[in-house]
Peer 1: 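Just passing along the structure, written as structure tokens.
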Amino acid sequence: MAAAVEGPELEAAAAAGDASEDTDAGARALPFLGGNRLSLDLYPGGCQRLLHLCVQQPLQLLRVEFLRLGTHEDPQLLEATLAQLPQSLSCLRSLVLKGGQRRDTLGACLRGALTTLPAGLSGLAHLAHLDLSFNSLETLPACVLRIRGLGALLLSHNCLSELPEALGALPALTFLAVTHNRLQTLPPALGALSTLQRLDLSQNLLDTLPPEIGGLGSLLELNLASNRLQSLPASLAGLRSLRLLVLHSNLLASVPAGLARLPLLTRLDLRDNQLRDLPPELLDAPFVRLQGNPLGEASPDVPSSPVASLIPEMPRLCLTSDLDSFPVTPRGCSVTLACGVRLQFPAGATATPITIRYRLLLPEPGLVPLGPHDALLSHVLELQPHGVAFQQNVGLWLLFTPPRARRCREVVVRTRNDNSWGDLETYLEEEAPQRLWAHCQAPHFSWFLVVSRPVSNACLVPPEGTLLCSSGHPGVKVIFPPGATEEPRRVSMQVVRMAGRELQALLGEPEAAVSPLLCLSQSGPPSFLRPVTVQLPLPSGITGLSLDRSRLHLLYWAPPAATWDDITAQVVLELTHLYARFQVTHFSWYWLWYTTKNCVGGLARKAWERLRLHRVNLIALQRRRDPEQVLLQCLPRNKVDATLQRLLERYRGPEPSDTVEMFEGEEFFAAFERGIDVDADRPDCVEGRICFVFYSHLKNVKEVYVTTTLDREAQAVRGQVSFYRGAVPVQVPEEAEAARQRKGADALWMATLPIKLPRLRSSEEPRRRAGLSLAPLNLGDAETGFLTQSNLLSVAGRLGPDWPTVALHLGVSYRELQRIRHEFRDDLDGQIRHMLFSWAERQAGQPGAVGLLVQALEQSDRQDVAEEVRAVLELGCRKYQDGIRRTGLAPKDPALPGSSAPQPPEPAQA
């Protein structure tokens, strides 16, 4: 979401950016004071510092127009401090009294202690911007209503249950935000705010709106998302200046028809409501978002309306794993793929019938485009035909497991368009606590994947200039002056933070510190026509009035260069108490360092790599019942214990490797050595070595069957598997001892783990997994009957493409299904026989196995095969009973299976 600032906030920030910096001795003596700004919200004790300044009454204090003060203070001290403002800061234009600087154990922002304001605060005659967000206000202080020049009022994240009627008497108010409160009703006087342009009332408890809201003639944006609205007043059609109306996540069953006639409306968000009826003018409007509504469905209590009856019911398709395509008609459809992906084709998305094909691909470096700080969260979905443009966007839902670290990061769907990759506007929908949907609108079909990236803020820079702020790091700003560009161009920023402890451990310097890492990018020409001002926070713990400038370094990196350049001597660094500003004409990566070290560029490269490295362990386990099956996996260090606890019931093997460091998307491979080889040809096997690609949020696991040419009847084979970085070399040493001496961050060798194939008994023969040489078996027992190998072959010949469904009902894991598909990828009969006989072998001696097979066939809608199995069982039971009766072992009991009592003669048929 763009973080470009507009309205009163833009005026305040721009004025702050243009304010001159005081450099005389008097200014340097005033902490936290830079030009006409006073920032006391980032460090504790802000109230005491401000009271001390008010007592001294320096001349610089009289010029302060922008004040930021944290509210995590003692309430009495906070009230006493605020009471001094009208006398000491009479020129104040912007007052920010926000909480939220502190967080709880879960990372949520804590509310400040502010519950009211002193009455004298209404004496701030020049105040135009007041931010009281993240506090504990239950009622709006009366003094706010007497500040006649107030243009922007921010009250979000408080405890307000109502707004006063007197709020409508503020004549200059243009921006009002009351999100995340407890509002249940709105005062009718709200409609008297004739100058109001932006109104945000999202995340409240509103169930109705007063009709007077239609009197807001200057309103441009109205956000009422995530309330309890069941209906809307018809007076909304009177908002003739309205451009944006957000109503998603309410309980609306209908909307006024007049909304379709608003002349300037460019976006109407009606997602996730209860809309069954919609004006025809809005059904086809391109600016209306309707996902998550039961349009066209009849209410259980109300008969269908004429408009609803015109909307045909959308077909629903659920594809099985053996289907890789489906048809789409102009009627539209909702499709759920076997891999869990959901698609919704709205009516009219295509003018003619079309066949859609899909594939779920394993991620590979050449296919997956990741930035330096991105993380892959899903496999790659390919939808064909590529490049087909739909007349309406197609809804796409991709399932993924959310990452642990979510602060200052966001999840997006990435897709390929023509020859470049881009990120789509993405919404997250929760299915379960650890399973989320990434929802986007696909304008065309190509490749899609889910990526976690640092929060990206973007805006369109017009020739008149603008201001771009980071939503995750408010101190990071870029100011574009008028004339910086002739044509509008899109710019974006990403900010990455590095923990101070990691840097200090890397440098061995307790006082070393860095600012957040800033990445700036743009479209269009590489340079701007006028210098652009960049603001970065000073490194943590460093203040501009006490730092040693010789230790401050501004670093610059332009890909694909290998090192960071120190450009401190090439720019003019303007320092305030908290920030550093400099000017650039083109964009790249920027980083502020504070250190006594020399050659900072090389150290920055190592620190940047440390930011991107993941600490992982490698494991190699053998299945207990089949030691020739080896599981290889690369796991982040924090997931090793839980994974081993789950696997060790079925697998055994050595302890995990020592911790190694890997980059996201780094290639490595496993080589079996000392007499052990991979048993079958695999597409990921190059010269007997298994290729991997590490992705921190995916399961980097492969199951491999191994074999040996050594004589296992004489003794056990003690081999090993070694893990190496990079592409497969021409020669890999069979012994890892030489490579072990080169162990390091960039070493070829990473780890070696032992693999042991036990000695074969003389009666055993090596089993070849590529073939089907299973010992003869009789599945079942005397009570339910037996199935022989011949019977199972007959069943296998009848299953056809339904075998995966039968396998799942038999309890075969999805992973084993995938392995069987891969091993017999060109042989359907081989897949079926291998699955069925492997399952039967595991069931040897288990009671009820035959009944389980019959039940699985019935649950898979293969009643015909189930009846055939029952007939075989019945015949077998009869033969068994006849046999034991002939030998005189059976009791004369007609209730036994197979025994029969005398039956009366059947009636003759006509």
Side-chain angles (χ1 to χ4, degrees), residues 362-363 379 401 614 616-660 662 666-686 688-708 712 716-724 736 750-758 766-770 807 811-825 834-835 838-839 841-842:
L362 293 176
H379 288 72
T401 301
H614 298 269
V616 302
N617 298 94
L618 301 155
I619 63 174
L621 303 175
Q622 295 174 263
R623 186 178 285 273
R624 293 181 181 272
R625 295 185 59 180
D626 187 359
E628 296 174 7
Q629 184 178 354
V630 181
L631 181 145
L632 305 174
Q633 190 166 8
C634 177
L635 285 165
R637 187 172 59 178
N638 62 322
K639 297 181 179 180
V640 172
D641 292 339
T643 301
L644 288 179
Q645 185 177 4
R646 186 178 68 254
L647 290 176
L648 288 180
E649 294 181 1
R650 295 171 292 135
Y651 295 86
R652 60 186 173 191
E655 292 293 320
S657 72
D658 293 338
T659 300
V660 296
M662 301 190 72
E666 182 176 354
E667 292 182 277
F668 66 101
F669 63 95
F672 289 95
E673 302 163 346
R674 291 186 176 181
I676 295 181
D677 296 305
V678 180
D679 187 29
D681 291 333
R682 300 166 54 107
D684 59 353
C685 183
V686 180
R689 301 170 184 98
I690 306 298
C691 299
F692 285 80
V693 181
F694 171 72
Y695 294 107
S696 57
H697 293 88
L698 300 184
K699 295 181 179 179
N700 309 286
V701 59
K702 296 187 180 183
E703 294 200 58
V704 181
Y705 282 97
V706 296
T707 185
T708 181
R712 288 178 59 190
V717 178
R718 299 180 182 275
Q720 65 188 24
V721 58
S722 296
F723 297 89
Y724 300 87
M750 293 190 295
T752 294
L753 298 172
I755 298 292
K756 178 182 177 181
L757 295 181
R767 290 186 297 174
R768 298 292 180 184
R769 292 289 170 174
V812 179
S813 67
Y814 183 76
R815 179 182 296 173
E816 186 173 355
L817 282 185
Q818 295 296 89
R819 179 184 61 77
I820 294 172
R821 282 198 183 102
H822 175 77
E823 190 170 350
F824 298 89
R825 50 189 175 274
H834 190 87
M835 179 278 296
S838 298
W839 171 81
E841 187 180 19
R842 293 193 297 269

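Nothing here was measured: the structure is a model prediction, and the numbers come from that model.
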Peer 1: Report the distance from atom NZ of Lys639 to atom CZ of Arg646, rounding to the nearest 0.5 Å.
Peer 2: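 So the NZ of Lys639 and the CZ of Arg646 are separated by 10.5 Å.
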
Peer 1: Are the side chain of Asp677 and the backbone N or O of Phe672 linked by a donor-acceptor pair below 3.5 Å?
Peer 2: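 Checking the backbone N and O of Phe672 against the side chain of Asp677, no donor-acceptor pair under 3.5 Å is found.
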
Peer 1: Within the side chain of Lys702, is there an N or O that forms a donor-acceptor pair under 3.5 Å with the backbone of Cys691?
Peer 2: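 Side chain of Lys702 to backbone of Cys691, a donor-acceptor pair under 3.5 Å: yes, one is there.
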
Peer 1: For Gln633 and Val701, indicate whether the former's side chain and the latter's backbone hold a donor-acceptor pair under 3.5 Å.
Peer 2: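 It does not hold such a pair.
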
Peer 1: When rounded to the nearest 0.5 angstrom, what distance separates SG in Cys634 from CD in Glu666?
Peer 2: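 So the SG of Cys634 and the CD of Glu666 are separated by 9.0 Å.
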
Peer 1: Is it the case that the side chain of Arg637 and the backbone of Asn617 share a donor-acceptor pair, with hydrogens and angles ignored and the cut-off at 3.5 Å?
Peer 2: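 No: the side chain of Arg637 does not pair with the backbone of Asn617.
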
Peer 1: Between Arg623 and Glu816, does at least one N-O distance fall below 4.0 Å, as a salt bridge requires?
Peer 2: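 No salt bridge links Arg623 with Glu816.
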
Peer 1: Would you say that Leu757 contacts Thr707 through its side chain, given a criterion of any heavy-atom pair below 4.5 Å between the two side chains?
Peer 2: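 Sidechains of Thr707 and Leu757: no contact.
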
Peer 1: Please report the C-alpha distance between Leu362 and Val693 in whole Å, then the side-chain angles of each, then the deciding distance to 0.1 Å, and finally whether the side chain to side chain contact (heavy atoms under 4.5 Å, CB included) criterion is met.
Peer 2: CA-CA 10 Å; Leu362 293 176; Val693 181; over 6 Å; no

Peer 1: What is the minimum heavy-atom distance between Leu753 and Leu618, and which atoms define it?
Peer 2: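 What the structure gives for the nearest pair is CD1-O, 3.6 Å.
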
Peer 1: Is there a side-chain contact between Val616 and Val660 in this structure, where contact means two heavy atoms from C-beta onward sitting under 4.5 Å apart?
Peer 2: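 Contact flag for Val616/Val660 side chains = yes.
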
Peer 1: Please report the shortest heavy-atom distance between Pro636 and Ser696, naming the atom on each side.
Peer 2: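 The pair with the smallest heavy-atom distance is CG-O, 3.6 Å.
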
Peer 1: Just to verify, what does Gln818 make a side chain to side chain contact (heavy atoms under 4.5 Å, CB included) with, not counting sequence neighbours?
Peer 2: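 Here the qualifying residues are Tyr814, Arg821.
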
Peer 1: Does any part of the side chain of Val721, heavy atoms only, come nearer than 4.5 Å to the side chain of Val630, both counted from C-beta?
Peer 2: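 With C-beta onward as the side chain, the pair stays apart.
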
Peer 1: Among residues at least two apart in sequence or on other chains, which ones pass ring-ring contact (aromatic ring centres under 6.0 Å, His included) with Phe723?
Peer 2: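 Not a single residue meets the ring-ring contact (aromatic ring centres under 6.0 Å, His included) criterion with Phe723.
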
Peer 1: What pair of heavy atoms forms the shortest contact from Pro656 to Val640, and how long is it?
Peer 2: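 Nearest heavy atoms, Pro656 then Val640: CG-CG1, 3.8 Å.
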
Peer 1: For the residue pair Phe692 and Met662, establish whether any side-chain heavy-atom pair is separated by less than 4.5 Å.
Peer 2: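 The answer is no; the side chains never approach within 4.5 Å.
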
Peer 1: Under a 3.5 Å distance rule, please check whether Ser722 uses its side chain to pair with a backbone N or O of Ala671 as donor and acceptor.
Peer 2: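 It does not hold such a pair.
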
Peer 1: Can you see which heavy atom on Leu817 is nearest to which on Ala807, and at what distance?
Peer 2: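 Looking at all heavy atoms of both residues, the shortest contact is CD2-CB, 3.5 Å.
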
Peer 1: Between Gln720 and Arg674 (side chain of the first, backbone of the second, donor and acceptor by atom type, cut-off under 3.5 Å), is there such a pair?
Peer 2: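 It does not hold such a pair.
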
Peer 1: Tell me whether the rings of His834 and Phe824 are parallel (<30°), tilted (30 to 60°) or perpendicular (>60°).
Peer 2: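 Taking Phe824 first and then His834, their aromatic rings sit tilted (interplane angle of 30° to 60°).
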
Peer 1: Give, for atom CZ of Arg689 and atom CZ of Phe668, the distance between the pair rounded to the nearest 0.5 Å.
Peer 2: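 Reported to 0.5 Å precision, the distance equals 15.5 Å.
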
Peer 1: So for atom CZ, which belongs to Arg624, do other residues, nucleotides or ligands contribute more than 12 heavy atoms lying within a distance under 6.0 Å?
Peer 2: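 Enclosed.
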
Peer 1: Are the side chains of Lys699 and Thr643 in contact, using a 4.5 Å heavy-atom criterion?
Peer 2: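 Answer no - side chains too far apart.
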
Peer 1: Kindly give the heavy-atom pair with the smallest separation between Leu698 and Pro363, and that separation in Å.
Peer 2: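 What the structure gives for the nearest pair is CD1-CG, 3.8 Å.
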
Peer 1: Test of understanding: with ring-ring contact (aromatic ring centres under 6.0 Å, His included), list the residues that count as partners of His614, not counting sequence neighbours.
Peer 2: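 Applying ring-ring contact (aromatic ring centres under 6.0 Å, His included) to His614 gives Phe694.
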
Peer 1: What are the two closest heavy atoms between Ala620 and Ile755, and how far apart are they?
Peer 2: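 Taking Ala620 first and Ile755 second, the nearest heavy atoms are CB-CD1, 4.2 Å.
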
